[in-house]
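I have placed the structure first, in the form of structure tokens, so that the comments after it can refer back to it.
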Amino acid sequence: MNIVQFQNDLLVWYEKSKRDLPWRRSKNPYYIWVSEIMLQQTRVDTVIPYFNRFIEQFPTLEAFADADEELYLKSWEGLGYYSRVRNLHSAVQDVVENYQCNVPNTVAEMRKLKGVGAYTAGAVTSIAYNVPAPAVDGNVMRVYARLFEIDADIAAPTSKNLFEVKVMETISTADPSSFNQGLMELGALICTPAKPRCLLCPVQTHCQAFQNGTESKLPIKTKKKQGKQVYIISVVIQNEFGELLIQKRPAKGLLAGLWEFPSIEVELELMQSSETVETVVADQINFNLFNVDQIAKFKHVFTHITWRIVGFTACCHHQGQTIVPNQVWVSEKELLQYALPIPFQKLYQHFQTNKNQN
Ligand code: SF4
């Protein structure tokens, strides 16, 4: 490969074709950092409104460092993978306290921050500070696997290093920021997982896979084993004042510290029993329920686990009853202030649809 020509072709194309994304309008390393964390496991279209709201709410490192957990979890609500924002918060506090509010400008220093791995450190330092560092994620591995016909399994953790070395051999030292962003953009718009648009590709003449007709066979990626199936019963309980009961999830584990409708993990057989809600769930929440009705059945896929959720609605008399400490009654308006992860938002939508039909 003629590396200089390759860099040039990529950079010229990127300059011409790059999408106008909010985090590309400045070189503020904090903005770039936030965007890179949000973009992990999440599509660009989904991230844009979250990013805009987040930056409006926490415009500076200091503003975010001072924010309460409840507040920033709410702003992340629906994006999932909440440990990302918790780690980001700790790391930003670290930057404010120990780096005089300056996001570190080397990969080594950035990697000392909580939740910052090789990809994030490479992306932030290259994009914000023009450091020639690799930022290798799944997209970049796909592009390089095709460009150089690399048949390493990109799902294997050991492969990443191989691709990082290859990127370092080819990165533009004159403009690593645009080079890395160009690679990301190429992976998103042209060298897509299925049906790469080779005829429109700016680096087609450098691509070994295209020359040998192997682009649809690359990259090699072994399939992940199917995650564990967990069966959940979740109940939207309404009292005589129209309030809903929500509870805070435990401080550790999946969706830690977020809010949910009273829910319980059950064995598969119990999912199929209509008595489960009255017995198992009512037991957990101290109330006698009535008008119990199934309103939803859906699944929610996390990285290593799939929740199979059966959702119910139920009524109860609140007066004279005590609730357990992690629970609270809220009006539907107040519910909007609590960070409710996607599965429970979905259940709430079913609840509203069901209510409007009755
Ligand atoms: Fe990807 Fe095709 Fe371009 Fe090669 S020519 S980099 S396979 S889009």
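Note that the structure is predicted; figures quoted are calculated from it, not measured. Atoms within a ligand are numbered from 1 in the order they appear, just like the ligands themselves.
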Q: Identify which of Cys198, Ser216, Cys201 has a heavy atom lying nearest to atom 2 (Fe) of ligand 1.
A: Cys198

Q: Taking only heavy atoms of Phe210 into account, list the atoms of ligand 1 that are under 4.0 Å away from them.
A: 5 (S)

Q) What is the ring orientation for Phe64 with Phe58, classed by angle as parallel under 30°, tilted 30 to 60°, or perpendicular over 60°? A) tilted

Q | Within 6.0 Å of NZ in Lys355, more than 12 heavy atoms from elsewhere | A | yes

Q | For Arg146, the ligand 1 atoms whose distance to one of its heavy atoms is below 4.0 Å | A | 7 (S)

(Q) Strictly under 2.8 Å, is atom 3 (Fe) of ligand 1 approached by any N, O or S atom of Cys207? (A) no

Q. Which of the numbered atoms in ligand 1 are below 4.0 angstrom from a heavy atom of Glu215?
A. 7 (S)

Q: Name the closest protein heavy atom to atom 1 (Fe) of ligand 1, giving the residue it belongs to and the distance to 0.1 Å.
A: Cys191 SG, 2.4 Å

(Q) Would you say the ring centers of Phe298 and His300 fall short of 6.0 Å from each other? (A) no

Q | Parallel, tilted or perpendicular: rings of Phe148 and Tyr144 (30°, 60°) | A | tilted

(Q) Over 60° means perpendicular and under 30° means parallel, so tell me whether Phe6 and Phe179 are parallel, tilted or perpendicular. (A) perpendicular

